[in-house]
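Down below is the structure, laid out as structure tokens.
Only heavy atoms go into these numbers, but all of them, side chains included; no hydrogens, no water, no symmetry mates. To find a chain, count down the sequence lines: A is the first, B the second, and so on, and within it residues start at 1. Predicted model, so just to flag it, every value in this text is computed and none were measured.
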Amino acid sequence: MTSTATDVSTKIALYRTQYELRLFEQRAYDLFLENLVKGTSHLGLGQEAIAAGVAAAMKQGDWTFATYRGHNHTLARGAGMTPVLAELLGRANGLMAGKGGSMHLTSVEHGMMGSYAIIGAHLPIACGAAWSAKYRGTDQVSVAFFGDGTTNIGAFHEALNFAVVWQLPVIFVCENNLWMEYTRTTEVTAVPNPAADRALAYGLESIIVDGNDADAVFEVASAAIARARAGQGPSMIEAKTYRHGGHSRADPGKYRPDEEVKEWLAKDPIVRYRARLIELGVPLEQIEAIEAEALAKVDTATEEAKAGATPGEDLLMKDVWADGGSAWRN
Amino acid sequence: MTSTATDVSTKIALYRTQYELRLFEQRAYDLFLENLVKGTSHLGLGQEAIAAGVAAAMKQGDWTFATYRGHNHTLARGAGMTPVLAELLGRANGLMAGKGGSMHLTSVEHGMMGSYAIIGAHLPIACGAAWSAKYRGTDQVSVAFFGDGTTNIGAFHEALNFAVVWQLPVIFVCENNLWMEYTRTTEVTAVPNPAADRALAYGLESIIVDGNDADAVFEVASAAIARARAGQGPSMIEAKTYRHGGHSRADPGKYRPDEEVKEWLAKDPIVRYRARLIELGVPLEQIEAIEAEALAKVDTATEEAKAGATPGEDLLMKDVWADGGSAWRN
Amino acid sequence: MAQLTYREAIARGIAQEMRRDESVVFLGEDVAAAGGVFKGTVGLLEEFGPQRVRDTPISEQAILGAAMGAAMTGLRPIAEIMFADFFAVCWDIVANEIAKSRYMTNGQMSFPLVIRSGNGGGLRFGAQHSQDVSNWAMMIPGLKVVAPSNALDVIGLMAASIRDDDPVIFLESKGLYASKTEVPDTDVVDTLGSAKVLRHGGDATIVSLGMMVPRALAAAEELAGHGIDCTVLDVRSLVPLDTQTILREVSATGRLFTVEENPRLCGWGAELSSIVTEEVFYDLDGPSVRITTPHIPLPAADALEDMALPSVERIVTTIEKSMNS
Amino acid sequence: MAQLTYREAIARGIAQEMRRDESVVFLGEDVAAAGGVFKGTVGLLEEFGPQRVRDTPISEQAILGAAMGAAMTGLRPIAEIMFADFFAVCWDIVANEIAKSRYMTNGQMSFPLVIRSGNGGGLRFGAQHSQDVSNWAMMIPGLKVVAPSNALDVIGLMAASIRDDDPVIFLESKGLYASKTEVPDTDVVDTLGSAKVLRHGGDATIVSLGMMVPRALAAAEELAGHGIDCTVLDVRSLVPLDTQTILREVSATGRLFTVEENPRLCGWGAELSSIVTEEVFYDLDGPSVRITTPHIPLPAADALEDMALPSVERIVTTIEKSMNS
Ligand SMILES: Cc1ncc(C[n+]2csc(CCOP(=O)(O)OP(=O)(O)O)c2C)c(N)n1
Ligand SMILES: Cc1ncc(C[n+]2csc(CCOP(=O)(O)OP(=O)(O)O)c2C)c(N)n1
Ligand SMILES: [Mg+2]
Ligand SMILES: [Mg+2]
């Protein structure tokens, strides 16, 4: 797992992951248009390279903490498409049986330690997991993903300082897609690189990476994770990227200049990566097979999710407490 | 008010303020030993130069926001000794009739907009006052004092970024006395200068000043205030200082190395400043007169505070609401 | 008169007051250029300009700190906390600073500000975007708490809140944003602390708030068909609380049922039930009964959320069972 | 057996469990080298070392975030929030994250952690360091809430809280830190959700919590002298709530009086009063009455604070007046 992105099998795996994420999110969008996705959802279209690159640098047993924009990260850690999609549809076969929804995807067995919908909250929580790894002497690391707009909330600051002071094995990955919901982050942020320009305030190195290049992401993430495992403490990585669509399901994203959207669509991480594979001599058929397999996977997941049962009353009152119940009285 | 510390009358005024603060805090301590000070109190002994220097750089109408360690700042803005001391004693003639106590000294008529006892909370509040000055087109500025340990809480980060983005006339003054309550700040802080080393994270200049030198404080504060009045936005100043006593009333401060205490007592801002005045040729009699006047003032305040009535039931249910009452129902 | 949605009424109420008073300013995340994530503040930036209608960073403590500091120095700010659940990241500014500072300073300061927020469930947003926080606010001394149930009340109570010299937590039911009400074209100004009797009946009094009001009314209609005739009250403001109207109406029917959106423990219904028990015990013909969300986080799936929130059906069966036992 | 102060009992309870279980760790501000600002954790660093007993920056969100992340990955952290009022700066981690995450993940995660905090008034600390937050915690689904009234219960309930697999908010009454109780030298482990009957009487039931317990007991003694014989209950844990014991004792006497430290609105007394009214209405001989701090921020001056908090005298006169009317 300390291999760098140079070997071809890693590259092929990275392409597969990115492509699957792309198709999955597109399908989620279609199902939203069909009115099957309940509640809100925040797609990661355009940001696949970060989820794929970082996940590939992680080991089983490592922990991911994501935001409400967490489909990519959940799938990249190995959670099944069916339970994730079923969760979006509010079905009993969902990843959390419909109790969490799109914003809270969690799969502990895959090290996916939750998606958090309050800006910044998971950054200190990721520190806690890292602390526990350090205390128990395992070599696990925590990775926390967050957006550019998140760098202005208090919890960000507390988590960064805490992680450094306790020298915790945690990696903070800022997915800088330039926008908060409908406001450009630089308009409300005192520095141009919202994460990287803050690194020095915590005695950290300032790291910026092309977030639309899975290889580049894989490399910086591998290095940061290696440092963390070696007891050298936390890192923060700012990955520049762009979301192809709006902020959440209902948002067409019209506030963004056409030029900007065009510019970034031209940097589509998947299109670029595909070209790179071909350049490297990966046979087109192999690539097309991956793509066909991904489509089949998404189709199957769609079927299975749609066939999922409506969650029943038994689930409603379950699992507030560790005893499985919800009684607050005797 | 843009005069620098070079003129002697300002210097004499600065000495008077510092000396008064010193005597007042010593008296507060004595009264605590007599069991007359109720609740807690956090003395500013040793930190007088900062309160005096900054207050001298401010104009009437400017706003001060302080912490629970706010006696110095309240007095330096012109609040009377009697009401401040009476507040510590929980008397009806206290600055807030006993309802706030030592940690919440407030005198709106003197621009003393409150002392805040939850770490960091007043930093965004000071931004709000600055915003209101800017919106209304006055030239008022906000000054917020805070401790070194306060730089690690979320509100600090939010306030700094907000002030810069909105280009508010607010000056953040960190009184770095090296210690939180009983923990050395550098032990839990990722950078050696907890405020100044964070300035860059907000696109601010890193400013460090000798907090035990009232002239130096006066100069940097004057410059920062001038910038703020000129519409050039916020500044942050880190003033290095030391508290002579413990954190709060019950604390003997034994956790601090003797060497460190000795070293800082040798830098006593008042002893140094007195020597400077003498060096400048200010007659000893004039200095002694100031000192005698200060003592008389503190003695009078002590008498008046002790003579204050116990607050009665009428005050208890008063002033929750702007109508003067506290009714939550009809 | 025109039909207005609850969401449109927000901007209408704010604009009405901004026109009248230059000291009213408005800030929040995505509220200006975007008109708010719930489209509740569309048009305000255009009419009042970027000095009075301002987008902020994602810094809720800064937003409310700014509102507080501005209020104590002469402005009348309105701040938006996008989802009421986010009060949790800035609760100190609300509960320890804004609420307490007037009292602590012996009345030296006033805080004429409004914090408006999208409150409660019904939109399948899951547990971190759906909590009804009416009791969070009600329990803090020094806060007024308002929760309108229709577009007309939104305008009138918004105006009253902005004009009030104390801090008001203004809770907008997210589940009602799309609902429509007839409103006059002229200015509307209402009064805080006045409950409304929406229906008269002799058998029992149902007290409700916000999104629960239309459900309580629908339940009352259905109950009338079953021979149980209910008075329905819309509390509208929890602080100040119109206990006079509530006690009068409960005494008249002899029975109290509260319909609350918040999870079970320590909701406003508990407070109300305890007031009724303490003050008009001898007028009661039977137990006071609270209908609430169970004491669980709100689930995301539509089917589950619908089971959790008090439904018309649950209100009907609960009241029927209690009245017939 | 030895006399132990409430404050000493904290360290005793924690140490008892840390000896038993390596996964128990403890963090907070000034808790290690200094032994806590209330001297509640003296000796823990010395016995368990700097890996298990850790000082933190002034970063309450980081403290509780760390506790949460550690709990979900196998540790059993105890976190200190120095004064309970400071929950306001980290309420999101408590109310939105720790409390809800088990439910939201359909039981994939557990949060075996304890957050202990100095709660309530009595020490003239003023409004930002004196609030009783028992209702803040009680109203959030997913939190257990414990508040011991004496040193013995501190040890036993601390042990039970640490062993519990759910998050427990452990509220220590600041006003009781100096109080002493006889405790055995052996390990003590108690049970959450069990109220204690401290006194039996036939006329009325007084239910109290934390710092109000000794006052309720003293009031009952005085009332007995006036011919009113009261049962006195110590609730001890608000969640889980021992409604069986409470309902039984209230039914037996026919009257309920609650003595709460928190300000008036939406306290645990309201919840309890509403439960009693709803479930044993026909056993009641008269109104349930709540004795609380008025709905005001707590003033700092000793004279004012003493007027605000429920006193033995106020408990006596309130009950007497109500029983005789
Ligand atoms: C405390 C808090 N404030 C506001 C929100 C509403 N909100 C959700 S996403 C979002 C924008 C976040 O922007 P960014 O951090 O850049 O992440 P992105 O959505 O671009 O991935 C906001 C303001 C929230 N969920 N929590
Ligand atoms: C949110 C919060 N956490 C903790 C405290 C308790 N506390 C009061 S003063 C203090 C130390 C503050 O240190 P510093 O900022 O350096 O200020 P100093 O007291 O040295 O002036 C702490 C931890 C508090 N008041 N508020
Ligand atoms: Mg973004
Ligand atoms: Mg300090």
Side-chain angles (χ1 to χ4, degrees), chain A residues 63 65 94-101 103-109 113-136 138 140 142 154-155 157-163 165-166 168 170 315 318-324 326-330, chain D residues 22-23 25 27 51-52 54 56-75 77 89-90 92-93 96-113 138 141-142 144-145 164-166 193-194 238-246 275:
Chain A
W63 296 302
F65 294 81
L95 196 57
M96 298 92 75
K99 291 168 79 169
M103 296 206 284
H104 298 293
L105 297 176
T106 305
S107 182
V108 170
E109 61 164 318
M113 304 304 277
S115 304
Y116 297 78
I118 309 279
I119 291 294
H122 59 307
L123 304 180
I125 300 168
C127 291
W131 171 37
S132 124
K134 186 169 177 162
Y135 176 74
R136 289 180 291 104
T138 72
Q140 291 161 288
S142 274
H157 178 65
E158 295 194 12
L160 265 290
N161 182 67
F162 189 84
V165 169
W166 285 27
L168 299 175
V170 53
L315 283 164
K318 219 171 74 56
D319 274 320
V320 171
W321 307 125
D323 69 6
S326 61
W328 52 268
R329 59 180 286 183
N330 57 11
Chain D
E22 278 249 313
S23 66
V25 290
L27 79 169
Q51 290 313 307
R52 297 184 69 188
R54 298 196 69 162
T56 69
I58 308 176
S59 308
E60 278 79 3
Q61 295 186 80
I63 293 171
L64 296 191
M68 178 176 173
M72 68 165 72
T73 53
L75 300 189
V89 300
C90 50
D92 175 57
I93 307 286
N96 285 327
E97 315 299 340
I98 290 172
K100 292 174 177 164
S101 291
R102 183 180 171 79
Y103 185 82
M104 290 197 298
T105 63
N106 196 31
Q108 289 184 63
M109 290 176 172
S110 292
F111 301 96
L113 59 86
M138 188 179 187
K144 294 182 174 173
V145 188
D164 198 276
D165 287 331
D166 292 310
S194 61
L238 293 172
V239 181
L241 185 65
D242 184 1
T243 48
Q244 277 179 14
T245 301
I246 295 164
I275 293 171

Backbone N or O of A99(D) within a donor-acceptor pair of the S101(D) side chain at under 3.5 Å? no
Sub-6.0 Å ring centroid separation between W131(A) and Y135(A): no
Applying a strict 4.5 Å limit to non-hydrogen atoms, the region of D242(D) in contact with chain A is both
Among F162(A), W166(A), Y116(A), W63(A), the residue with the most heavy-atom pairs under 4.5 Å to chain D is W166(A)
Heavy-atom pairs under 4.5 Å with chain D - which of V320(A), D319(A), D323(A), N161(A) has more of them than the others? D319(A)
Donor-acceptor pair, distance only, cut-off 3.5 Å: does the side chain of E158(A) make one with the backbone of Q61(D)? yes
Under 4.5 Å from any heavy atom of chain D, what part of A126(A) do you find: side chain, backbone, both or neither? neither
Max heavy-atom pairs within cutoff under 4.5 Å with chain A, candidates D164(D), L75(D), V239(D), goes to L75(D)
For the residue pair K144(D) and W321(A), would you count it as a cation-pi contact if the rule is NZ or CZ under 6.0 angstrom from the ring centre and within 45 degrees of the ring axis? yes
Picking from S132(A), A322(A), A97(A), which has the most non-hydrogen pairs under 4.5 angstrom with chain D? A322(A)
One should read off an interatomic distance between F111(D) CZ and E97(D) CD, to the nearest 0.5 angstrom, of 9.0 Å
Looking only at P240(D), G107(D), A70(D), the option with the highest number of non-hydrogen pairs under 4.5 Å against chain A is A70(D)
As an exercise: rank E109(A), H157(A), K318(A), M113(A) by heavy-atom pairs under 4.5 Å with chain D and give me the winner. M113(A)
If you define the side chain from C-beta out and look only at heavy atoms, does anything of R52(D) sit under 4.5 Å from E22(D)? yes
What part of I275(D) gets closer than 4.5 Å to chain A, counting heavy atoms only: side chain, backbone, both or neither? side chain
Mind checking whether M109(D) and V108(A) have side chains closer than 4.5 Å, heavy atoms only? yes
Best-contacting candidate, K100(D), Q244(D), M68(D), against chain A by heavy atom pairs under 4.5 angstrom: Q244(D)
Under 4.5 Å from any heavy atom of chain D - which part of N330(A): both
Do K99(A) side-chain atoms and L315(A) backbone N/O form a donor-acceptor pair below 3.5 Å? yes
Would the distance check show the side chain of D165(D) and the main-chain N or O of P112(D) forming a donor-acceptor pair, the cut-off being under 3.5 Å? no
When heavy-atom pairs shorter than 4.5 Å are enumerated against chain D, which of S142(A), S107(A), A163(A) gives the highest number? S107(A)
Under 4.5 Å to a heavy atom of chain A? For S110(D) that would be side chain
Residue pair M104(D) / M96(A), side-chain heavy-atom distance below 4.5 Å: no
What part of L64(D) gets within 4.5 angstrom of chain A, counting heavy atoms only: side chain, backbone, both, or neither? neither
Name the member of M72(D), M138(D), Q51(D) that forms the most heavy-atom pairs with chain A at distances under 4.5 Å. M72(D)
